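Only one structure is covered here, and it is reproduced in the block below.
Please read these numbers as outputs of a predicted model, since none were measured by experiment.
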Amino acid sequence: MKPITEWTFVAKTWTLRDMLATEVIKRGPQAPDFAHAIYDLIKGRVDDPEVSDEDIRNLTFTELAIVSERIAEKMMEYCRIETALSRMTALVNSGQKESKPS
């Protein structure tokens, strides 16, 4: 198995599947499909051909925590980039409006 610290994750926005899995996870381990929801959430985020379904299913609690943290960091990175691009677009649009002659 490839070390989890080297797994590659997707930095995309939340999908409907992610949100559904999150709702199950919020209910805790007693919820039906709790483990499957965690698997779905991770599987949807791993973007590494060297990581198999079996690798994901065999994660320990400690490894699960590390993977979860890395996924969260990747998602936050994407959100920061998205926010910065929005701000830059707003500044450019504002600058274009101000530079147009009336």
Side-chain angles (χ1 to χ4, degrees):
M1 179 173 119
K2 182 177 183 178
I4 59 173
T5 54
E6 296 175 13
W7 289 13
T8 305
F9 297 101
V10 175
K12 61 183 178 183
T13 56
W14 281 89
T15 64
L16 180 57
R17 184 179 194 151
D18 295 333
M19 289 185 275
L20 291 169
T22 302
E23 287 304 311
V24 173
I25 293 168
K26 282 181 189 177
R27 291 189 293 242
Q30 71 280 5
D33 297 329
F34 179 76
H36 188 70
I38 292 172
Y39 168 82
D40 276 350
L41 193 60
I42 294 171
K43 179 68 177 165
R45 296 285 155 186
V46 173
D47 185 30
D48 196 325
E50 294 180 46
V51 177
S52 69
D53 288 348
E54 194 67 25
D55 293 336
I56 296 170
R57 284 192 293 266
N58 287 332
L59 290 172
T60 65
F61 284 123
T62 302
E63 292 169 330
L64 184 60
I66 293 167
V67 168
S68 297
E69 182 179 353
R70 292 193 61 223
I71 289 171
E73 287 171 355
K74 195 69 165 174
M75 291 174 73
M76 290 303 297
E77 174 186 317
Y78 181 81
C79 289
R80 282 192 298 270
I81 290 169
E82 207 170 55
T83 301
L85 288 175
S86 292
R87 286 182 183 157
M88 287 172 42
T89 301
L91 285 172
V92 168
N93 290 339
S94 174
Q96 288 176 346
K97 287 178 186 176
E98 290 176 10
S99 68
K100 288 183 182 176
S102 299

Glu23: partners by side chain to side chain donor-acceptor pair (under 3.5 Å), with sequence neighbours left out: Lys26
Using modelled atom types and a 3.5 Å cut-off, is there a donor and acceptor pairing between side-chain atoms of Glu63 and backbone atoms of Thr60? yes
Scanning both residues in full, the closest heavy-atom pair of Ala37 with Ala21 reads O-CB, 3.4 Å
Tell me whether the count of non-hydrogen atoms from other residues, nucleotides or ligands lying under 6.0 Å of CZ in Arg17 goes above 12. no
Evaluate the side-chain proximity of Leu64 to Ile42: yes if any heavy-atom separation is below 4.5 Å, no if none is. yes
Using the rule that Ile, Leu, Val, Met, Phe, Trp and Tyr join whenever any side-chain heavy atoms are under 4.5 Å apart, tell me whether Val67 and Val10 fall into a single cluster. no
Taking all non-hydrogen atoms of both residues into account, name the closest pair between Val24 and Asp33 and its distance. CG1-O, 3.7 Å
Sidechain N-carboxylate O distance under 4.0 Å for Asp55, Lys2: no
Nearest heavy-atom neighbours spanning Asp48 and Trp7: OD2-CA, 3.6 Å
Rounded distance [0.5 Å steps], CZ in Arg70 versus OG1 in Thr5: 6.5 Å
Does some side-chain heavy atom of Tyr39 sit less than 4.5 Å from a side-chain heavy atom of Arg57? yes
Considering all heavy atoms of both residues, which atom of Arg45 and which atom of Thr15 are nearest to each other, and what is their separation? NH2-N, 4.1 Å
Take a 6.0 Å sphere around CE of Met88 and say whether it holds more than 12 heavy atoms from other residues, nucleotides or ligands. no
Quickly, which of Ile71, Asp18, Leu20 forms a side chain to side chain contact (heavy atoms under 4.5 Å, CB included) with Leu41? Name it, please. Asp18
Verify same cluster id: Ile25, Ile56 (apolar side-chain graph, 4.5 Å): yes
